Amino acid sequence: LLIKTQQRKLAKQARAKQTVENILTACTELVQSIGIDRITTNKVADRAGVNIASIYQYFPNKEALLVALTNQLIEKHSQTIQTVILNLQGSSLEVAARETIASGIKLYRDSEGLLFHLLIRSYSDERKGESFNSIEGINLAGKEFLKVHQAELRVKDLDKALYILSNSVLNTLYDYL
């Protein structure tokens with residue numbers, strides 16, 4: 001069963017953009033206060049002060065809303081993550097691992113854990129078809145770093161190595177913070 005997670009339409013006018021922003025803000029507040037599993041589109045609509053039809057105008061379901069929220073958070077922190085990775089060029093794998101974890105802890109705290117909970121959920125659920133457009137720049141920077149150290153890696157496939165590294169950092173932060 002493939003769950004539709006794409007936004008139905010993008011807001012173009014200022015008022016519509018504000019409505020979508022209010023919906024995502026309400027979703028954020030609810031995820032932080034009652035948890036991902038307990039939110040519903042009706043609860044988000046109530047918190048955002050909009051009719052449920054406004055939610056469904058932009059998002060076909062709760063999952064699409066969570067994907068949009070995850071993308072929004074990735075976009076917000078993407079440049080910081082890319083800068084950290086680029087600054088690690090020339091560093092050893094050991095230094096890079098320490099700096100990546102330290103940056104992850106800061107990012108975790110800055111987003112109050114929300115981004116990590118959403119990412120962990122998306123990677124561990126059956127919804128692996130979700131697309132996070134904003135993560136491409138991070139992946140490219142990570143691959144470039146790993147390419148320099150490819151001879152030191154046990155896993156020679158850079159995509160697999162990046163997947164292992166990303167998931168190790170995410171799961172470590174999720175388990176210990």
Side-chain angles (χ1 to χ4, degrees), residues 1-85 100 102-142 162-163 166-167 169-177:
L1 175 70
L2 186 59
I3 298 171
K4 188 171 182 169
T5 59
Q6 295 299 314
Q7 212 171 315
R8 281 200 169 137
K9 71 177 193 177
L10 296 175
K12 293 182 178 146
Q13 296 179 341
R15 197 174 90 204
K17 287 179 182 180
Q18 186 60 53
T19 298
V20 170
E21 184 59 37
N22 291 345
I23 290 168
L24 292 174
T25 298
C27 186
T28 300
E29 292 168 357
L30 285 169
V31 168
Q32 290 174 328
S33 65
I34 65 173
I36 293 171
D37 294 330
R38 293 186 54 215
I39 71 166
T40 65
T41 51
N42 282 321
K43 288 178 182 176
V44 173
D46 287 344
R47 175 68 66 101
V50 299
N51 187 299
I52 190 69
S54 293
I55 299 271
Y56 289 125
Q57 182 177 1
Y58 298 102
F59 306 100
N61 52 42
K62 170 184 160 179
E63 300 312 319
L65 188 56
L66 292 173
V67 167
L69 180 58
T70 305
N71 269 321
Q72 182 186 59
L73 288 168
I74 291 170
E75 284 175 26
K76 179 179 176 185
H77 298 290
S78 178
Q79 191 57 52
T80 301
I81 296 167
Q82 288 179 61
T83 300
V84 166
I85 294 169
T100 301
S103 297
I105 291 169
K106 182 180 180 337
L107 181 59
Y108 182 94
R109 289 180 177 147
D110 289 349
S111 73
E112 298 177 9
L114 181 61
L115 176 58
F116 287 91
H117 290 289
L118 289 167
L119 286 172
I120 292 292
R121 180 176 189 273
S122 70
Y123 283 123
S124 63
D125 279 359
E126 298 300 316
R127 296 184 275 300
K128 295 190 193 283
E130 293 177 3
S131 127
F132 299 108
N133 306 326
S134 309
I135 211 161
E136 277 310 305
I138 297 168
N139 285 340
L140 288 173
L162 184 60
Y163 178 83
S166 300
N167 282 289
V169 170
L170 284 172
N171 283 303
T172 299
L173 292 169
Y174 182 77
D175 286 345
Y176 295 102
L177 291 179

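Positions are given from 1 along the sequence. Because the structure is a prediction, the values reported are computed rather than measured.
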Just verifying a value: how many Å separate I105 CD1 and D110 CG, rounded to the nearest 0.5 Å?
12.0 Å
Supply the atom-to-atom distance I52 CD1 to T40 OG1, rounded to the nearest 0.5 angstrom.
7.0 Å
Side-chain contact test, heavy atoms from C-beta onward, threshold under 4.5 Å: evaluate it for L30 versus I36 and give yes or no.
no
Taking the side chain as every heavy atom from C-beta outward, state whether V67 and E63 have any atom pair closer than 4.5 Å.
no
Could you work out, with side chain to side chain donor-acceptor pair (under 3.5 Å) as the rule, every residue matching N42, not counting sequence neighbours?
none
Indicate yes or no: at least one non-hydrogen side-chain atom of I81 is less than 4.5 angstrom from one of I74.
no
Validation row: K62, I39 side chains within 4.5 angstrom (heavy atoms)
yes
Quick one: pull up CD in Q18 and CD in Q13 and give me the separation to the nearest 0.5 Å.
13.5 Å
Between OG on residue S54 and CG on residue N22, distance to nearest 0.5 Å:
10.5 Å
Between N71 and E75, does any side-chain donor sit less than 3.5 Å from a side-chain acceptor?
no
Which pair of non-hydrogen atoms, one from F59 and one from A68, has the smallest distance, and what is that distance?
CE2-CB, 3.5 Å
For T41 and N61, work out which heavy atoms get closest and say how close.
CG2-C, 4.1 Å
Table please: side-chain donor-acceptor pairs of residues 43-51 below 3.5 Å, with sequence neighbours left out.
{"residue": "K43", "atom": "NZ", "partner": "R38", "partner atom": "O", "Å": "3.1"}
{"residue": "R47", "atom": "NH1", "partner": "E29", "partner atom": "OE1", "Å": "3.2"}
{"residue": "N51", "atom": "OD1", "partner": "A53", "partner atom": "N", "Å": "2.8"}

Checking I85, T80, V84 against S103 for side chain to side chain contact (heavy atoms under 4.5 Å, CB included), the one that qualifies is V84
Taking side chain to side chain contact (heavy atoms under 4.5 Å, CB included) as the test, write out the residues that go with A16, two or more places apart.
A11, Y58
Enter the distance from I23:CD1 to L69:CG here, rounded to the nearest 0.5 Å.
12.0 Å
